[in-house]
Student: 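Take a look at the following structure, please.
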Amino acid sequence: MRTTSELRDTILAAARTEFAQYGLAGARIDRIARAADASKERLYAHFGDKETLFRSVVAADAAEFFAAVTLRADAIPEFVGDIYNLACRTPEHLRMMTWANLEGLKLDPPSLDDPESVLARDIATIEAAQAAGQVDVAWQPMELLTLLFGVALAWAQSPRPDAVTADPAIVAARRAAAVEAARRIVTPAT
């Protein structure tokens, strides 16, 4: 018999698969319950409704995604490569965040005022890199961070039919291109 925590984790995993494929509107609670080997009643007891379950999955995925890479002042272009790698390894997390945006859901943004937040940490890292002369001071840290994510996730968001590939040579070349683009973006003007 599963513990309450195990059942919750199983439901979240089944919901991630369902929502990543169909989004909030297309997902079906009965499919999630069947995949989690749980009753719809148990699912509703844990999460209340489909949107709350969706938000729970998005929040867990976003937290896991953003905690999986660390921005270092001396390796900002490599951070872009790390994000690229992460998007290749966990495309379902990126799909969940994209579905949330498409659904127009207002998600709680990370706080800049919370010194423990990933966002606050990354902004402070960019500011430190700027102070050390490693990053162009013309950039506002939040704008730069947004652009770096855009570069890192460009292939994951590309409309090209060949954007998704498992070919190691192509993956490596795309990562290298993203890192080089980031290097050019952050390099201080001379």
Side-chain angles (χ1 to χ4, degrees), residues 16 19-20 23-24 51-52 54-165 170-190:
R16 177 177 296 109
F19 287 132
L24 176 59
E51 184 175 320
T52 301
F54 181 83
R55 287 176 177 276
S56 296
V57 173
V58 170
D61 285 0
E64 187 177 318
F65 188 87
F66 291 112
V69 292
T70 302
L71 180 63
R72 293 188 352 252
D74 63 339
I76 290 177
E78 282 300 316
F79 172 74
V80 170
D82 294 344
I83 294 168
Y84 173 83
N85 288 346
L86 183 60
C88 289
R89 281 194 318 269
T90 60
E92 66 281 359
H93 290 351
L94 188 57
R95 279 196 300 272
M96 287 301 302
M97 290 181 276
T98 301
W99 274 116
N101 286 331
L102 290 171
E103 297 286 353
L105 292 178
K106 298 288 185 211
L107 302 173
D108 296 331
S111 171
L112 279 174
D113 298 328
D114 176 7
E116 298 298 314
S117 82
V118 172
L119 180 58
R121 180 195 70 200
D122 289 349
I123 295 298
T125 300
I126 289 171
E127 290 168 342
Q130 288 174 318
Q134 297 166 316
V135 170
D136 193 331
V137 295
W139 292 110
Q140 291 295 319
M142 188 64 206
E143 290 174 358
L144 178 59
L145 187 60
T146 301
L147 289 170
L148 294 174
F149 270 95
V151 170
L153 300 175
W155 283 105
Q157 301 292 340
S158 173
R160 290 181 51 164
D162 66 343
V164 177
T165 182
I170 294 172
V171 169
R174 288 177 178 173
R175 183 190 193 282
V179 170
E180 177 60 18
R183 186 191 63 71
R184 292 180 187 192
I185 289 169
V186 303
T187 298
T190 54

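Just the heavy atoms: all of them, side chains too, but no hydrogens, waters or symmetry mates, feed the values below.
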Student: For Glu78, is there an ion pair with Arg175 - N to carboxylate O distance below 4.0 angstrom?
Tutor: yes
Student: Once you round to the nearest 0.5 Å, how far does CD1 of Ile126 lie from CD of Gln140?
Tutor: 11.0 Å
Student: Enumerate the side-chain hydrogen bond (donor to acceptor under 3.5 Å, both in side chains) contacts for residues 60-69, please, sequence neighbours excluded, ordered by first and then second residue.
Tutor: Arg16-Asp61, Asp61-His93, Glu64-His93
Student: Provide the closest heavy-atom pair for Val186 versus Pro77 in the form atom of the first, atom of the second, distance.
Tutor: CG2-CG, 4.1 Å
Student: Is the shortest side-chain heavy-atom distance between Leu119 and Leu145 below 4.5 Å?
Tutor: yes
Student: Side chain to side chain contact (heavy atoms under 4.5 Å, CB included), that's the test. Do Ile123 and Met142 meet it? Break it down for me.
Tutor: CA-CA 7 Å; Ile123 295 298; Met142 188 64 206; 3.9 Å; yes
Student: Between Phe149 and Phe79, does the ring centroid distance fall short of 6.0 Å?
Tutor: yes
Student: Rounded to the nearest 0.5 Å, what separates atom CG in Leu102 from atom CZ in Arg95?
Tutor: 13.0 Å
Student: For a side chain to side chain contact (heavy atoms under 4.5 Å, CB included) check, start with the C-alpha distance between Leu147 and Trp139, then their side-chain angles and the critical distance, and finish with the verdict.
Tutor: CA-CA 10 Å; Leu147 289 170; Trp139 292 110; 3.2 Å; yes
Student: How close do Glu127 and Pro141 get, counting heavy atoms only, and between which atoms?
Tutor: CG-CG, 3.7 Å
Student: Write down the atom of Leu94, the atom of Ala87, and the distance for their closest heavy-atom approach.
Tutor: CD2-CB, 4.2 Å
Student: Go through the steps for Asp136 and Leu144 under the test side chain to side chain contact (heavy atoms under 4.5 Å, CB included), then give the verdict.
Tutor: CA-CA 10 Å; Asp136 193 331; Leu144 178 59; over 6 Å; no
Student: Provide the closest heavy-atom pair for Thr125 versus Ala73 in the form atom of the first, atom of the second, distance.
Tutor: CG2-N, 3.3 Å
Student: Are side-chain heavy atoms of Arg55 and Leu105 found at a separation under 4.5 Å?
Tutor: yes
Student: Is there a side chain to side chain contact (heavy atoms under 4.5 Å, CB included) between Phe19 and Leu24? Walk through the geometry before answering.
Tutor: CA-CA 6 Å; Phe19 287 132; Leu24 176 59; 4.1 Å; yes
